[in-house]
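Each residue takes its place number in the sequence, starting with 1.
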Amino acid sequence: MKKLCALLVVSVTSCLIADEHILLPSLEYGSATSEIGGPYVSLDMDFDGLGVGLRYMNFADSGLYFGALLNSVNGEGDACITYDDSIRTIAAPGCVDLESSGSTFGGEIGWQFQKLTPFLGMSLIRSEVSIPNSWLEGESDDSWEAHAGTFLQLDDVLLRATVYGLDNEESRTLSGGILYTFPNDLALGIEFGTPLDSDVDGLVLSLGVGMRF
């Protein structure tokens, strides 16, 4: 679940114009599939989640960039256990349904160098997984994760590339995004991300529509 929440740590961005502010509500989608294999037992986990987010971005005259993000995502999934033939008669394979929830509170700061704006950030990720209709207890986790990236401005389009989970190889994620601002100050952005862990397959999509002011 921590990997899924890390995946859900994604954002859309704005054009680098002095004294520009962007407020961008968004719809979030994330999925993750992982397989943990052993000599006798393997565990397959699958999650899908939907949620909402909000990002604020500020580009100042001095070249300072500041951004803040919060989002909340809820999802469902399952975990399935299979056994090697040598112990299949001792323990039967099976699956359980899971419910997951996660939220992210993050901030980042950077500096504009002409068309490039590198930045660093930190995020608090809160996640919880529960098993409905079961006596088994769920699992919750709070963790801090660092990220780094850069903006690249191309006229009215701003590109963003970010690596999340710099201090945690298991949840390290690569994301890329694009945002276009219209003449009427409407902002439209999309971003996608994928985990860098070879044991996890996943995808995050973020679609935001907001305003520049």
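Contact of the T162 side chain with the E108 side chain is not registered, since no non-hydrogen atoms from C-beta on lie closer than 4.5 Å. Here the side chains of D48 and Y29 are in contact, with some heavy-atom distance below 4.5 Å. Residues L24 and L179 have side chains in contact (heavy-atom distance under 4.5 Å, counting atoms from C-beta outward).
A donor-acceptor pair is defined here as one N or O able to donate and one able to accept, closer than 3.5 Å; no such pair exists between the side chain of E169 and the backbone of S171. The closest donor-acceptor contact from the side chain of R172 to the backbone of L166 lies under 3.5 Å.
Taking all atoms of both residues into account, the shortest heavy-atom contact from A32 to V200 is CB-CG1, 4.5 Å. Across all their heavy atoms, D167 and A146 have their closest contact at OD1-N, 3.4 Å. Of all heavy-atom pairs between V73 and G49, the closest is CG1-C, 3.8 Å. Considering all non-hydrogen atoms of both residues, Y164 and S175 come closest at CE1-OG, 3.3 Å. The heavy-atom pair separating G107 from H147 by the smallest distance is O-CE1, 3.9 Å. In terms of heavy atoms, L120 sits closest to A148 at CD2-CB, 3.5 Å.
Residues I81 and I131 are members of one and the same hydrophobic cluster, defined by side-chain heavy-atom contacts under 4.5 angstrom among Ile, Leu, Val, Met, Phe, Trp and Tyr. Follow the hydrophobic side-chain contacts under 4.5 Å out from L69 and you never reach F66; the two are in separate clusters. I22 is not connected to Y56 by any chain of hydrophobic side-chain contacts under 4.5 Å among Ile, Leu, Val, Met, Phe, Trp and Tyr, and they are in different clusters. By the rule that hydrophobic residues join a cluster once side-chain heavy atoms approach within less than 4.5 Å of another member, M57 and L70 end up as members of separate clusters. Grouping the Ile, Leu, Val, Met, Phe, Trp and Tyr side chains by contacts below 4.5 angstrom, directly or via other members, places F213 apart from L64.
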Could you go through L152 and L116, starting from their C-alpha distance and side-chain angles, then the distance that decides it, and tell me whether this counts as side-chain contact (heavy atoms from CB on, under 4.5 Å)?
CA-CA 5 Å; L152 173 63; L116 288 176; 3.7 Å; yes
Derivation of the side-chain contact (heavy atoms from CB on, under 4.5 Å) call for F151 and Q112:
CA-CA 9 Å; F151 299 103; Q112 179 181 353; over 6 Å; no
Verdict with reasoning, L23 to L54, per side-chain contact (heavy atoms from CB on, under 4.5 Å)
CA-CA 7 Å; L23 190 63; L54 180 66; 3.9 Å; yes
Go through T173 and D197 one step at a time and tell me if the side-chain contact (heavy atoms from CB on, under 4.5 Å) criterion holds.
CA-CA 8 Å; T173 305; D197 188 343; over 6 Å; no
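Side chains of S26 and E28: a donor-acceptor N/O pair is present below 3.5 angstrom, by distance only.
Interatomic distance, F105 CZ to I125 CD1, rounded to the nearest 0.5 Å: 11.0 Å. Between S72 atom OG and L50 atom CG the span is 11.5 Å, to the nearest 0.5 Å. If you take OH on Y180 and CG on L154, they are separated by 13.0 Å, rounding to the nearest 0.5 Å. Separation of atoms CG (N71) and CZ (R55) is listed at 9.0 Å; rounding is to 0.5 Å. For the atom pair CG (D141) and OG (S127), the distance works out to 4.5 Å, reported to the nearest 0.5 Å. Between the CD atom of E128 and the CD atom of E99 there is a distance of 10.0 Å, given to the nearest 0.5 Å.
Of the candidates F113, W111, F59, Y65 forms a ring-ring contact (aromatic ring centres under 6.0 Å, His included) with just one, namely F59.
In this structure T33 satisfies the side chain to side chain donor-acceptor pair (under 3.5 Å) test together with D46, sequence neighbours excluded.
Annotation for M122: hydrophobic cluster partners, listed by chain and number, are L124, W144 (ILVMFWY side-chain heavy atoms under 4.5 Å, direct or chained). V52 belongs to a hydrophobic cluster whose other members, connected by ILVMFWY side-chain contacts under 4.5 Å either directly or through intermediates, are L27.
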